[in-house]
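Note sheet for the following structure.
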Amino acid sequence: MYQLEIAGGHPLRGELPVQGAKNSVLPILTAVLLAPGESVIHNCPDLSDVAATLEILRGLGCSVRREGDTVTVDAAGLTGASVSRQLMEEMRSSVLFLGALLGRLGQAELSYPGGCQLGPRPIDLHLAALRSLGAEIREEQGLLMADVGTGLRGRTVCLPTPSVGATENVMLAACGARGVTTLVGAAREPEIVDLQGLLNRMGGEVRGAGGSVIQIRGGRPLHPTEYTVMSDRIAAATYLCAAAAAGGAIRLTAVEPGSLTAVLSCLEEGGCRIRTGRQRIDLVCRRPFGGLRTVRTAPYPGFPTDAQPLLMAALAAGQGTTMIEENLFDNRYRHVDELARMGADIRLSGRVAVVTGQPLHAAPVCSTDLRGGAALAVAALAAEGTSRIGGLGYIQRGYQNLQGDLSRLGAEVRLVEEAPELLRKGQERTYGVGTKKPKTEAETQPAQRAV
Ligand code: UD1
């Protein structure tokens, strides 16, 4: 069991290339099974969710290899249409295998997906959309059994909520449907545009991603391809919030500033100076951060729910009072109790949090989910003294090397081994979540991560 030990109170400095996007690489690695043959995907971050996706691909008969940040998947040997419950429960995005398998093989058998506990995360929109394309999906004892009978047929599908996963599932299945699918009410996230880029590179005909109507002409033969995954905007937001919390001057490279507009405008409003260039963001923060107008999470291009805990940590360590409204997930304030251990003043009422910035102090804390865990690191960088963060298994789902990246920015951070008897009472479960020894900086060469 490892923990992250962070000595706070030191401003951050330096330059950091941002890893490939978790929320892009997962649908992209799922989509490659639509094309028989060997696809080569670059800029794949080394995350536990990526490892689980590759395990699913292997289980389905694909051959998979990773060299540095490049993953090669040969989907010619795809035979299976069934994914084990254990692998399905590793992450939320496993549900995308439903659309991809229906698109390629016309059948799929899997269970409900797992993922961070952010409140109820139903898949009703996925199922309704796939059914409207002609899939027959039966649910028996937690298993989903799906097949397409005489085939999927393109048609107009309306999503009542712009669900990212449901949008991706429809895009994947519709590639295997006869005729044109028009998806109305689609999610507009940059990761959807990235998936469209891959599908078109494979010979698909997908238009409109980034807007709320996406058209997919199905039935075209897809071929394997080579593709580079976009940069991770939430990892970028993490380091920007860290510098807002701890102060300092950092430069992020291999980053898309245009995908971070809502986050950058909050950081500027709170007192950071931001300059952007091609694949570059410079942030300077020389005074306590905070005092924003109400921040409301919303589907893209609104403020991302995934960045809410990160911004909250920076606000808690800063100054002034800011109200946050979480509109995507019911249970996305689990990190608040842990931030309170560091002295944070955060009052919760339903979906609203009122954060009053003040100096934080070090404490032993534990991740409650992926971004909640990263938020604790942001707070610890600003806190007086040395904090320890447990539950690194959550953090490894989305950060290739958080410790190495923060070290590159001059933070005093190291991995320490924790004796089980010292675990804080009541937190044994979270400390144990699939925690492998995180990578040292030498094990993750920055050169491998450049786009
Ligand atoms: C994706 C991201 C996640 C991010 C979220 C919102 C990946 C792997 N994960 O998750 O990091 O926090 O988008 O930006 O890309 N909903 C339903 N029924 C459904 C599907 C969704 O009610 O069938 C609701 C959800 O409960 C939630 C909202 O729609 O309130 C948005 O969820 P969705 O966009 O689907 O999130 P994910 O794709 O799971």
Side-chain angles (χ1 to χ4, degrees), residues 20-31 45 47-50 52-53 56 88-100 112-132 137 139 144 157-172 183 185-195 209 212 229-230 232-238 259-260 262-263 296-311 325-335 351 369-375 394-395 397-399:
K22 163 185 169 283
N23 288 353
S24 218
V25 70
L26 301 176
I28 281 175
L29 287 172
T30 307
L47 309 173
S48 54
D49 277 10
V50 170
T53 303
I56 293 178
M88 283 301 295
E89 288 177 355
E90 288 275 320
M91 65 201 155
R92 172 76 176 173
S93 68
S94 56
V95 72
L96 303 180
F97 280 93
L98 183 55
Y112 281 84
C116 284
Q117 297 304 312
L118 310 175
R121 296 184 79 178
I123 57 167
D124 55 319
L125 302 177
H126 301 240
L127 301 183
L130 294 172
R131 282 179 174 131
S132 74
I137 306 174
E139 297 169 62
L144 296 166
V157 178
C158 296
L159 288 180
T161 301
S163 156
V164 173
T167 299
E168 292 165 342
N169 239 334
V170 170
M171 289 165 77
L172 296 172
L183 180 59
R188 300 171 56 194
E189 269 69 0
E191 292 78 13
I192 309 269
V193 180
D194 214 20
L195 179 61
S212 52
V229 172
M230 67 175 277
D232 195 314
R233 62 195 169 97
I234 305 301
T238 306
S259 67
L260 279 154
V263 173
R296 297 184 169 85
T297 66
Y300 191 85
F303 190 89
T305 174
D306 288 354
Q308 174 264 106
L310 309 164
L311 184 74
E325 195 178 290
E326 170 55 57
N327 293 310
L328 270 291
F329 293 108
D330 291 347
N331 196 13
R332 199 146 206 187
Y333 286 136
R334 296 172 76 208
H335 48 281
R351 61 175 54 179
D369 55 67
L370 162 57
R371 304 303 169 186
Y394 287 115
I395 292 177
R397 301 185 57 181
Y399 297 87

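Ligands are counted one by one from 1 in listed order, and the atoms in each one are counted from 1 as well.
Near R92, meaning under 4.0 Å from one of its heavy atoms, ligand 1 places the atoms 20 (C), 39 (O). The R332 neighbourhood of ligand 1 comprises atoms 12 (O), with distances under 4.0 Å to a heavy atom of that residue. The atoms of ligand 1 that sit less than 4.0 Å from any heavy atom of T305 are 6 (C), 12 (O), 14 (O). Listed by number with element, the atoms of ligand 1 under 4.0 angstrom from any heavy atom of D306 are 3 (C), 4 (C), 11 (O), 12 (O). Each of the following atoms of ligand 1 lies closer than 4.0 Å to a heavy atom of L328: 27 (C), 30 (O), 31 (C). Within ligand 1, the atoms closer than 4.0 Å to a non-hydrogen atom of T161 are 29 (O), numbered from 1 in the order shown. Short contacts between ligand 1 and G165, defined as distances under 4.0 Å to a heavy atom of the residue, involve ligand atoms 35 (O), 38 (O). Within ligand 1, counting atoms from 1 as listed, the ones closer than 4.0 Å to a heavy atom of L125 are 17 (C), 18 (N), 19 (C), 20 (C), 23 (O).
You'll find the side chain of P190 reaches within 4.5 Å of the side chain of M230, heavy atoms only. Taking 4.5 Å as the limit, every side-chain heavy atom of H126 sits out of range of all side-chain heavy atoms of L98. Looking at heavy atoms from C-beta onward, V164 lies out of side-chain contact with E191 at the 4.5 angstrom threshold. Contact of the P162 side chain with the R188 side chain is not registered, since no non-hydrogen atoms from C-beta on lie closer than 4.5 Å.
Between the OG1 atom of T161 and the CG atom of D124 there is a distance of 8.5 Å, given to the nearest 0.5 Å. Interatomic distance, L195 CG to T30 OG1, rounded to the nearest 0.5 Å: 9.0 Å. Considering CG of D232 and CG of N23, their distance stands at 7.0 Å, rounded to 0.5 Å.
Residue R371 is tested with R332, Q308, R397 for a side chain to side chain contact (heavy atoms under 4.5 Å, CB included); the sole match is R332.
Not a single heavy atom of Q308 sits closer than 4.0 Å to an atom of ligand 1. Residue contacts with ligand 1: P122 is included, with a non-hydrogen atom under 4.0 Å away.
At a 4.0 Å heavy-atom cut-off, ligand 1 does not touch Y300 at all. Residue contacts with ligand 1, taken as heavy atom pairs separated by less than 4.0 Å, involve H126 via backbone and side-chain atoms alike.
Atom 33 (P) of ligand 1 has its nearest heavy-atom neighbour, among T167, V95, V164, in V164.
Between K22 and ligand 1, a contact under 3.5 Å exists for no N or O pair.
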Point to revise | Candidate pair E168 and R92, rule salt bridge (charged side-chain N to carboxylate O under 4.0 Å, His left out), full reasoning | key: CA-CA 13 Å; E168 292 165 342; R92 172 76 176 173; over 6 Å; no
